[in-house]
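One structure is given here, and the rest of the page talks about it.
For the single chain, residues carry numbers from 1 onward in sequence order.
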Amino acid sequence: MTQPTTLPCGESFNLAEFDPSFSGGMERKRQAKAETKDNLEALLDLQARLYAENRHSLLVVLQAMDAAGKDGTIKHVMGAFNPQGVRVTSFKVPSKLELAHDFLWRVHRAAPPRGMVGIFNRSHYEDVLIVRVLGLAPEALWRKRFDHINAFEKLLSDHGTTVVKIFLHVSPEEQAVRLQARLDTPGKEWKFNPDDLGARRQWADYMAAYEEALTRCNTPWAPWHVVPADRKWYRNLAVSRIVRRTLEALNPSYPDPEPGLEAMVIPPVHWP
Ligand code: AMP
Ligand code: MG
């Protein structure tokens, strides 16, 4: 049993139709973990080929409400990659300098160069999400950003960057459990931010903003996926599947050896 994670381009995302607690009929964590492990091993091999080929790059964009598991996904799924070939960028409230530029300025600089995997923990989508919900910019300004985003992602794609965007879909009930755990667990309190409660109160507004962003920016060159995130083990499985499939479609290969190498023998060095 599966739940589609994406929709054909042009169709409207209605998030109420995606079940955040969906677990593919797998009741047992163990079954999911075996497949996840297999996917993570495949990711490491695919990444090694991506790096060696040095032609394409992969950008994974993670967006979600607080406590939906962006950090956990980076740790448990993206952790499979060789750190040398990955760069994680977390987008926070923009600095003065960042605000003095267009909204894509800080994002473009963080795009992965050839051979690399880039992970965005939040992204340029904040500029049509929190900015919209909190009214940080006039509607006439943020509304134009859907086109700017699509053009920007097309530019990345034309350059050889495969863009895959993942919305971790958590329910408000599960978010409550996780935020409460942050308050109640020693060593986790630092993660609690009272502003998260404000965002929680505006849940419906955020979902409406997400639905429009996902719908307007679900393009053939940069599709959106909705991943059920109430169960961490299923979330990890679903994300590992999406990233594996994406890299497999890219099918990076090791470059052919230079001609003449077959006969070469490394000469000895006598030392000391
Ligand atoms: P966290 O990811 O929990 O460390 O929090 C980062 C905060 O920065 C979140 O509340 C984001 O919504 C906020 N943020 C990220 N990008 C922007 C942006 N472009 N404009 C306003 N707030 C942002
Ligand atoms: Mg937070």
Report summary line: Hits for side-chain contact (heavy atoms from CB on, under 4.5 Å) against T161, two or more places apart or cross-chain, chain-then-number order -> S57, L59, P112, L156, H159, V163
Requested in this report: For H225, enumerate each residue passing the side-chain hydrogen bond (donor to acceptor under 3.5 Å, both in side chains) test, keeping only those at least two apart in sequence or located in another chain.
Outcome: T5
**Report entry** Sidechain-backbone polar pair: Q47 side chain, N82 backbone, donor-acceptor under 3.5 Å
**Finding:** yes
Query raised in the report: Got S123 and Q63 here, is their nearest side-chain heavy-atom distance under 4.5 Å?
Result: yes
Query - salt bridge (charged side-chain N to carboxylate O under 4.0 Å, His left out) assessment of K165 paired with E153 - result: CA-CA 11 Å; K165 300 176 299 196; E153 292 174 354; 2.7 Å; yes
Query - Short side-chain to backbone donor-acceptor contact, D230 and E174, under 3.5 Å - result: no
Query raised in the report: Is R87 reaching over with its side chain to a backbone N or O of G118, donor-acceptor style, under 3.5 angstrom?
Result: no
Query raised in the report: Distance-only, no hydrogens or angles: does the N218 side chain make a donor-acceptor pair with backbone N or O of G10 under 3.5 Å?
Result: no
Query - Expected output: side-chain H169 to main-chain L15 donor-acceptor under 3.5 Å - result: yes
Report task. Output every pair passing side-chain hydrogen bond (donor to acceptor under 3.5 Å, both in side chains) with a member in residues 93-108, not counting sequence neighbours, ordered by first then second residue. Result -> E98-R106
Requested in this report: Looking only at non-hydrogen atoms, find the nearest pair between G24 and Y234 and report the distance.
Outcome: N-CE1, 3.8 Å
Query raised in the report: What pairs with K154 under side-chain hydrogen bond (donor to acceptor under 3.5 Å, both in side chains), at least two apart in sequence or on another chain?
Result: D158
Query raised in the report: In terms of the angle between their ring planes, are F103 and H148 parallel, tilted or perpendicular, with boundaries placed at 30° and 60°?
Result: tilted
Query raised in the report: What do the steps show when you test R122 against D66 for salt bridge (charged side-chain N to carboxylate O under 4.0 Å, His left out), and what is the final call?
Result: CA-CA 11 Å; R122 303 188 189 270; D66 296 293; 3.1 Å; yes
Query - Partners meeting side-chain contact (heavy atoms from CB on, under 4.5 Å) with N251 (sequence neighbours left out) - result: R49
Report task. For E211 and N14, indicate whether the former's side chain and the latter's backbone hold a donor-acceptor pair under 3.5 Å. Result -> no
Report summary line: So side-chain hydrogen bond (donor to acceptor under 3.5 Å, both in side chains) across residues 255-272, not counting sequence neighbours, yields none
**Report entry** Other ILVMFWY residues reachable from L250 by side-chain steps of under 4.5 Å
**Finding:** L40, L43, L46, L50, L58, V60, L62, I74, V77, M78, F81, V86, V88, V117, I119, V164, I166, L168, V227, V239, I242, V243, L247
**Report entry** Contacts of A176 that satisfy side-chain contact (heavy atoms from CB on, under 4.5 Å) - sequence neighbours left out
**Finding:** R200
Query - F152-W221 co-clustered via ILVMFWY side chain contacts under 4.5 Å - result: no
Requested in this report: Just do the side-chain contact (heavy atoms from CB on, under 4.5 Å) check on R235 and H76 with the steps written out, would you?
Outcome: CA-CA 10 Å; R235 170 204 76 200; H76 295 289; 4.3 Å; yes
Requested in this report: Please answer whether the main-chain N or O of F13 pairs with a side-chain N or O of T215 as donor and acceptor at a distance below 3.5 Å.
Outcome: yes
Query - With K188 via side-chain hydrogen bond (donor to acceptor under 3.5 Å, both in side chains) - residues at least two apart - result: none
Query - Set of residues satisfying side-chain hydrogen bond (donor to acceptor under 3.5 Å, both in side chains) with respect to S21, sequence neighbours excluded - result: D19
Requested in this report: List the steps, then state whether side chain to side chain donor-acceptor pair (under 3.5 Å) holds for N39 with R244.
Outcome: CA-CA 6 Å; N39 288 343; R244 178 179 182 169; 2.8 Å; yes
**Report entry** Where at least one partner belongs to residues 172-211, residue pairs that pass ring-ring contact (aromatic ring centres under 6.0 Å, His included), sequence neighbours excluded
**Finding:** F167-Y210
Query raised in the report: With sequence neighbours left out, what residues match R143 under salt bridge (Lys or Arg N to Asp or Glu O under 4.0 Å)?
Result: E139, E212
